Amino acid sequence: MFEELLRDNSCGSVVDVDSSTVRQWVEALASMDQDVDGTELIDRIRALEDLKASAAAAQARATVAFDAAQRRIRAEAGVPAEKQGKGIAGQIALARRESPTRGDTCLGLAKALVSEMPHALRALESGELSEWRATLLVRETACLSVEDRGRVDEELAGDRELLADLGNRKLVGEARRLAYRLDPQSVVRRARKAESDRHVSCRPAPDTMTYVTGLLPVKHGVAVYAALSREADRLRAAGDERGRGQIMADILVERVTGPSAAGNARIEIQLVMTDRTLLQGDSEPAQLSGYGVVPAQWARDLVRTCTAGNDGPSAVSERIWLRRLYTAPDTGRLIAMDSRARLLPEGLRRLVQVRDATCRTPWCDAPIRHHDHVLAWDAGGTTSEANGQGLCEHCNQVKEAAGWRAGPVPGPRHSVEIVTPTGHRYRSTAPPLPGTEPPGRPPGREEPSRRVRGRCGPVDYFLPRLRTGRLRKKPA
């Protein structure tokens, strides 16, 4: 089947292939015989790599065709030109199981390849250029005019021997060299514009650590690193026993938060755990809002440390507020939280924030920026936990495009069904919280508590503090 398709493509003919045929290919690939010799396996790996690139090229063409068709339909319906493209990238992202931001990137890449870089597209179709290397070419020529981008495309992607000899880094360097030669002013303007993209981000790392990353202009980034290195070297020379990297990390925290903030902070953390984990030494993991799943013992240690303080160079004396969040015992669904006034907007936003963790659009892991109605208020939607969801700013704007619909779906956990203008349906289910019964376990049956041994048992430590108020409950 595949050999016939390749022969047809090599002759330049158009093959009548629909999505059902492509799915048959997928099934055929999954059942390929692996009991063959090494030569065949290497040839197969190469052929499959070429197939991936060719599929990426076909996907790019389909993306551009879908964009053009949607714009044409909206133009015929009288939609203003500036609004005809709204929501198209979102549909592409859902179809590719990607985030909405990635959908914008995929649409831009497809347009550039199909409309402005024919040599790169042909190299992608033949497997001589991977999708990632094609992305690098498009990215490095984004600041050029259509004519100059075409010249870079011809010189780089048009020379198949040169293209085959260039690694990723050399490919980027060559594209930049050609871009600067053709239009140096555009490269300078791009560098100036890049400064407006400076930002700081935070993402989870393994073992209850986190990456705090700053994208800075090069002069500022180098200056920050040099200052941290210089101070770490000074402290090491003075006898500090911490590692150089540890010292730099500690100095960064101190200089950003300030000595007073680092030493006497008042914080609230949304740490979700079961009473069994907190008081009985159970091993069921907890969930830290803004980070994700954390080990049970680590969560208990966090509460103990923040309540009692600790010793050493990184000692802190924070005051921690404990906010109770309630889940249904049979499903683990988050149903309420401490509040003096019921269903106040602020309390409801806090509950939705903890329940959803990140943006509820499928495959979007962006932080929640908007707390929105699933079914719009003007369409009869209520202001309630069941009709609330957390979205990033981009996804909240996309769902307002014409033809997009969403509604809550009954189920053991909060679920939302999204319907795109083409009629495709996608379901988003809130992540399971601590206390959720795993599939297959009869409701109400609990595993025996696994108490953690140590100098002080969890119940012995936490229960008196809950009674005396040393472990405070956050007022609403």
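Predicted, not measured: the structure shown is a model, and the values here were computed from it.
- With sequence neighbours left out, T420 forms a side chain to side chain donor-acceptor pair (under 3.5 Å) with T422.
- Side chain of R149 to main chain of V138: a donor-acceptor pair is present (N/O by atom type, distance under 3.5 Å, no hydrogens or angles).
- Contacts of R176 classified as salt bridge (charged side-chain N to carboxylate O under 4.0 Å, His left out), with partners at least two apart in sequence or in another chain: E140.
- Nearest heavy atoms, P362 versus Y426: CG-CB, 4.2 Å.
- Among all heavy-atom pairs drawn from C392 and C359, the shortest one is N-SG, 3.3 Å.
- By the 6.0 Å contact criterion, CD on E241 is open, its count of non-hydrogen atoms from other residues, nucleotides or ligands being 12 or less.
- Of the possible polar contacts, none joining the E49 side chain to the R46 backbone as a donor-acceptor pair under 3.5 Å is found.
- Ion pairing between R236 and D240 fails under the 4.0 Å rule for side-chain N and carboxylate O.
- Residues L215 and D197 share a closest heavy-atom pair of CD2-O, 3.7 Å.
- Not a single side chain to side chain donor-acceptor pair (under 3.5 Å) links K170 to another residue, sequence neighbours left out.
- Looking at residues two or more places apart in sequence or on another chain, you find a side chain to side chain contact (heavy atoms under 4.5 Å, CB included) between H371 and R349, V352, Q353, I368.
- Residues satisfying the salt bridge (charged side-chain N to carboxylate O under 4.0 Å, His left out) criterion with R122, sequence neighbours excluded, are absent altogether.
- Proximity of L182 to R151: side-chain heavy atoms (C-beta onward) are separated by under 4.5 Å at one or more points.
- Within the 3.5 Å criterion, the main-chain N or O of G390 finds a donor-acceptor partner in the side chain of D356.
- With hydrogens and angles left out, the side-chain atoms of D301 and Q297 include a donor and acceptor closer than 3.5 Å.
- Sequence neighbours left out, the pairs with a member in residues 390-400 that pass salt bridge (Lys or Arg N to Asp or Glu O under 4.0 Å) are D372-K399.
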For residues 90-97, which side-chain N or O atoms pair as donor and acceptor with protein atoms under 3.5 Å away, sequence neighbours left out?
residue, atom, partner, partner atom, Å
R96, NH1, Q59, OE1, 2.8

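- The salt bridge (charged side-chain N to carboxylate O under 4.0 Å, His left out) test applied to R234 returns E231, not counting sequence neighbours.
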Just list the side-chain donor-acceptor pairs under 3.5 Å for residues 152-168, sequence neighbours left out, or say none.
residue, atom, partner, partner atom, Å
D153, OD1, A120, N, 2.9
D153, OD2, H119, N, 3.0
E155, OE2, R181, NH2, 2.8
D159, OD1, E161, N, 3.4
D159, OD1, L162, N, 3.2
R160, NH1, E128, OE1, 2.1
N168, OD1, R133, NH1, 3.0

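- With 3.5 Å as the limit, one finds no donor-acceptor pair spanning the side chains of S415 and R427.
- Listed by chain and number, the residues in a side chain to side chain donor-acceptor pair (under 3.5 Å) with D233 are R244 (sequence neighbours excluded).
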Exercise answer: donor-acceptor pairs, residues 103-112 side-chain atoms, under 3.5 Å, sequence neighbours excluded:
residue, atom, partner, partner atom, Å
D104, OD2, H394, NE2, 2.8
T105, OG1, T101, O, 3.3
K111, NZ, D67, OD2, 3.4

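- Within the 3.5 Å criterion, the main-chain N or O of R102 finds a donor-acceptor partner in the side chain of S99.
- Checked by atom type and distance alone, the side chain of S145 pairs as donor or acceptor with a backbone atom of D148 at under 3.5 Å.
- Partners of E195 by salt bridge (charged side-chain N to carboxylate O under 4.0 Å, His left out), not counting sequence neighbours: none found.
- Side-chain contact annotation: R198 with H220, donor-acceptor N/O pair under 3.5 Å absent.
- Using a 4.5 Å cut-off on side-chain heavy atoms (C-beta onward), R413 and R355 make no contact.
- Of all non-hydrogen atoms in L124 and A56, the two that sit nearest each other are CD2-C, 4.1 Å.
- Side-chain contact between T429 and V416 is absent, with no heavy-atom pair separated by less than 4.5 Å.
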Would L252 and M248 satisfy side chain to side chain contact (heavy atoms under 4.5 Å, CB included), going step by step from the backbone distance to the final call? CA-CA 6 Å; L252 177 64; M248 293 174 67; over 6 Å; no
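- When each of T210, T213, V212 is checked for a side-chain contact (heavy atoms from CB on, under 4.5 Å) with R203, only T213 meets the rule.
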